[in-house]
Amino acid sequence: MSALNLYDTATREVGVFTPLKSGEVSIYVCGATVQASPHIGHIRSAVNFDILRRWLMHSGFEVSFIRNVTDIDDKILQKAAQEKTPWWAHAMKYEREFTAAFSALNVLPPTYEPRATGHITQMIELMQILIDNGSAYAPGNGDVYLEVRKLQRYLVLSGQRIDDLMPAADTDGAISMKRDPRDFALWKAAKPGEPSWPTPWGAGRPGWHLECSAMAHTYLGESFDIHGGGLDLIFPHHENEIAQSEAAGYGFAKRWLHNAWVTQSGEKMSKSLGNSLLVETILERVRGIELRWYLGSAHYRSMLEYSESALDESAVAFRRIEAFLKRATEMMGELPTPIVSDAFSAAMNDDLAVPTGLATISENLRTGNQGITDADHVVVSKSASEIRGALGILGCDPCDSHFEDKSGNDMTHAMDGVVKLALQERASARERKDFKASDAIRDGLLALGITIEDTAQGPRWSIMEKS
RNA sequence: GGUCGGGUGGCCGAGAGGCGAGGCAAGGGACUGCAAAUCCCUCUACACGGGUUCAAAUCCCGUCCCGACCUCCA
């Protein structure tokens, strides 16, 4: 089997992935700033990195997966003030929404999920190092800045030059205490009424995502394998993380992965544009597993142009796969064992080429369906196993216990009996060629959301999924 | 202005020098009492103009168009 190749934003090239420690992979992904409800763009990012994680685990790696929660920032304070709720209550509310959305989409919980507010000590330690070695300065107004002109390297991810950057909007001309307008805040002095934590340089709160540098260091060490996040974090968020960490002498991330957006009419989904689609809203239309299938089906570096028809089409395609697995299971009398095929592996090893991987599912689906028609157990078993194996990597295995109905009032058995009684009536009507009566039964069941299919092995019924 | 992506059939979406991924839709067919489900067949493409090459969707040059980032967006 071929080795895993991954893209690296820093080099803009796909190359062989070799972890720092053999057999182990450390990943830090920028999670949510919990200031509002999650939209499908946020969750796409989580799904993409979850697929990476599952693939690494399948490939035999021990994966440490850290995904942070930024629970203190300007927008959280601003929105909490608008809603007249304490900032921490605001943050917690949305953190729960994110957690619920992750769970609904079968995103594995991270190995650890550190919150910014729980790591102020580590941030102070980091700032102390940066001030001591001359990389950062505290001009006395309570802020702490990183001096970008002193950095050995800066803007290595975005490939820009400091002098090409547009003047920063936050410099406020003469008021600025910065040595250079491009210097950025590691720590921000508290304004009256704002929450703050004491430091040697004054009370305040984290600046440019200092928490990510501090927490990555705390849980993954000075160097780690992969840092992930959305495309829009490249600059300035990730550039600043690199600057803060490298100035402290850390090796930091060896590889950078960035996922592309979900767009609408070609435009990025964002709250400011008013075109964001909340996960909650979409889940009224399709099931979590279907939304995940949709979000995961595009290559992670490609924009995913959202439309209702594309979502619906994708859900229908997924149900076809599900229906096959169900029929295959009925035919074989047991769940197919998941097997990851060589073709699917090759696709995943090529920078997680999910779309190419999906082609292998389509091919298996076709041969598998033919196998059912031919009652060929060997063919059906192989196809079903390979499909299940691929779906498992994508986090969309319908047999995954995560997607089981946990309501506890499973009426399937009773229902099966009732429907079979109706089907017996229909069968006898068909025997006496009373198709009017037999169709009436079928239509009646259909009206209740139960579809009937006549197969060589007799009729089978299923409940239509919501759509 | 700087930086980075992208333009592939009716639609979605891979590929990155030579064998036309795959899906959806459409049309035809098989199966069926009719359906449904399933299978088979058919169709169409690489934004534009040059160039390199035996061979270009793929490499080079130029043009047009779209998008993103440029100090707190996934």
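Everything numeric in this text was worked out from a predicted model, so none of it was measured. Protein chains get the first letters and strands the later ones, always in sequence-line order, with residue 1 at the start of each.
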**Student:** Could you work out which one of B:U71, B:G33, B:A74 sits closest to the side chain of A:Arg430?
**Tutor:** B:G33
**Student:** Counting a pair only when it is Watson-Crick or G-U and both distances are under 3.5 Å, which runs of at least 3 such pairs involve RNA chain B?
**Tutor:** B:1-7 with B:64-70, B:10-12 with B:22-24, B:26-30 with B:38-42, B:47-51 with B:59-63
**Student:** Does the side chain of A:Arg426 get closer than 4.0 angstrom to OP1 or OP2 of B:A35 through an N or O atom?
**Tutor:**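 Answer no for this pair, as no side-chain N or O of A:Arg426 is under 4.0 Å from OP1 or OP2.
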**Student:** Any ring-ring contact (aromatic ring centres under 6.0 Å, His included) pairs touching residues 307-326 of chain A, not counting sequence neighbours?
**Tutor:**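 Matches after skipping sequence neighbours: A:Trp293-A:Phe318.
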**Student:** Compare the minimum distances between each of B:C73, B:U71, B:A37 and the side chain of A:Arg327, then state the nucleotide with the smallest one.
**Tutor:** B:A37
**Student:** Summarise protein proximity over nucleotides 2-20 of chain B in one line of letters, 5' to 3': B for base, S for sugar-phosphate only, - for none, counting protein heavy atoms closer than 4.0 Å.
**Tutor:** BSSS-------SS------
**Student:** Counting side-chain heavy atoms from C-beta on, which of B:A74, B:U71, B:U38 comes nearest to A:Asn369?
**Tutor:** B:U38
**Student:** Counting side-chain heavy atoms from C-beta on, which of B:A74, B:G33, B:G23 comes nearest to A:Thr33?
**Tutor:** B:A74
**Student:** For A:Ala260, which contact category applies under a 4.0 Å heavy-atom criterion: base, sugar-phosphate, or nothing?
**Tutor:**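 Touches a base.
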**Student:** Under 3.5 Å, is there any donor-acceptor pair linking the side chain of A:Lys75 to the base of B:C73?
**Tutor:** no
**Student:** Does A:Asp439 make a side-chain donor-acceptor contact with the base of B:A35, cut-off 3.5 Å?
**Tutor:**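 No such pair is found, so the answer is no.
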**Student:** Is a donor-acceptor contact shorter than 3.5 angstrom present between the side chain of A:Arg460 and the base of B:A37?
**Tutor:** no
**Student:** Describe the nucleic acid contact of A:Arg442 in one word from base, sugar-phosphate, nothing, applying a heavy-atom distance below 4.0 Å.
**Tutor:** base
**Student:** When all nucleic acid strands are considered with a 4.0 Å heavy-atom cut-off, which category describes A:Leu233: base, sugar-phosphate, or nothing?
**Tutor:**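 The residue A:Leu233 makes sugar-phosphate contact but no base contact.
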**Student:** Could you tell me how far B:C46 sits from B:G20 if I compare only their C1' atoms? Round to whole Å.
**Tutor:**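 The answer is 11 Å between these two C1' atoms.
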